[in-house]
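The figures here come from the full heavy-atom set of this structure, side chains too, leaving out hydrogens, waters and symmetry mates. Numbering of ligands and ligand atoms starts at 1, following listing order.
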Amino acid sequence: MSEVQAMRPTPAEGTTPAEGPGPATAIRVQGVSKRYGDRQAVDDVSLEIRRGEFFGLLGPNGAGKSTLVEIMEGLRRADTGTVALFGESPWPRNTALLPRVGVQTQTSAFFVRQTAHEHLRTVAALYGAPRTAVDATLESVGLTEQSGVQVEDLSGGQRQRLAIASALVHGPELIFLDEPTAALDPQARRALWEVLRALKAEGRTIVHTTHHLDEAEALCDRIAILVDGRIAVTDSPHNLVSAFQAPTRLMLPLGRLDEREAADIPGVDRVTVQGGSLVLETRTPGPVLSAVDKLAGLDGVQTRTAGLEDVYLDLTARLTGSPQSPRRNADTTEHQP
Ligand SMILES: Nc1ncnc2c1ncn2[C@@H]1O[C@H](COP(=O)(O)OP(=O)(O)OP(=O)(O)O)[C@@H](O)[C@H]1O
């Protein structure tokens with residue numbers, strides 16, 4: 001079995017989070033700010049993440065995501081504001097929270113001279129996690145076949161999976177994942193999605209920082225988009241996409257329909273030529289499709305509805321004043337009806 005096929009959502013034995021009474025809120029952030037010199041990295045952020053929620057944190061490079069997450073994790077001190085994890089402050093270092101929280105970062109530290117198995121055993125021992133959890137966790141991230149390989153000989157993607165395993169081995173209730181799929185190939189990435197879905201199904205709370213919009217859309221119950229240190233929006237991907245009311249794009253093979261003819265179809269808002277297609281934007285795709293059918297037939301016509309990436313690109317472009325979606329700029333000529 002390949003390591004990717006082996007990456008199955010097997011919960012680490014004896015590490016399922018205890019069910020029980022407790023506040024519905026896993027994380028409460030109130031009025032948190034952080035400045036580095038004259039750079040306001042996090043600016044008066046307030047946020048609540050419920051227990052069992054899969055929460056995505058998105059935003060352009062430098063938006064303040066890592067700083068905010070490190071403050072939530074208790075690794076960095078906020079200038080102002082408060083953070084509570086399960087009702088307790090993570091700062092100054094709160095040892096009572098350590099068994100309940102797992103952290104995977106882009107710069108996770110490894111015992112590089114150890115094998116993957118030895119490394120994870122060491123991490124498990126630090127947390128007092130049962131040894132049985134080591135094999136189960138390695139299997140869950142698809143590293144069983146690499147368990148005897150020295151950490152320094154693992155590929156980038158395998159190391160990344162070991163970092164994720166290190167965050168999970170003690171069965172934490174709350175897991176912080178910083179771009180967990182950044183170095184993974186597409187198959188391994190999809191396999192990790194299943195691992196993450198299984199963690200959510202077990203009732204764990206996940207805070208997931210990512211630049212992959214498709215990943216956030218597929219996994220997250222809610223997302224926050226951070227821009228210039230402030231939360232621009234917090235909602236479910238579904239609500240954000242619905243509220244965006246973006247036009248549907250119909251893509252026709254070039255030469256099928258004249259641009260002027262296309263622009264004259266009632267309901268067509270905009271016509272562009274992009275990457276070898278004539279693109280018609282419309283908010284009434286039904287009537288426009290039947291008009292296209294009558295004029296040119298529907299053979300080879302593709303439709304594309306808006307997704308979270310469109311919402312994200314539009315919002316961040318408006319808030320940062322940067323150019324809008326690259327899709328609209330690349331290889332594009334435009335014709336307004
Ligand atoms: N230790 C530091 N000292 C000084 N400035 C810092 C420090 N850490 C971050 N910054 C600055 O604070 C801002 C926010 O950085 P941060 O790393 O939190 O953003 P981010 O959203 O995680 O970015 P990325 O997506 O690139 O990882 C940036 O302008 C960054 O240069």
(request) Run the ring-centre check on F55 versus H208 and record whether the distance is less than 6.0 Å. (result) no

(request) For R50, enumerate each residue passing the salt bridge (Lys or Arg N to Asp or Glu O under 4.0 Å) test, keeping only those at least two apart in sequence or located in another chain. (result) E53

(request) Show your reasoning for whether side-chain contact (heavy atoms from CB on, under 4.5 Å) applies to D228 and L319. (result) CA-CA 9 Å; D228 287 336; L319 291 176; over 6 Å; no

(message) Heavy-atom contacts with ligand 1 below 4.0 Å: which residues, ordered by chain and residue number?
(response) Y36, R39, A41, P60, N61, G62, A63, G64, K65, S66, T67, H211

(request) Using side-chain contact (heavy atoms from CB on, under 4.5 Å) as the criterion, list what pairs up with R230, not counting sequence neighbours. (result) D43

(request) Among residues two or more places apart or on two chains, list those pairs meeting salt bridge (charged side-chain N to carboxylate O under 4.0 Å, His left out) that have a residue in residues 79-99. (result) K34-D79

(request) Start with the C-alpha distance between T67 and I71, add both sets of side-chain angles, then the distance that settles side-chain contact (heavy atoms from CB on, under 4.5 Å), and finish with yes or no. (result) CA-CA 6 Å; T67 302; I71 291 169; 4.1 Å; yes

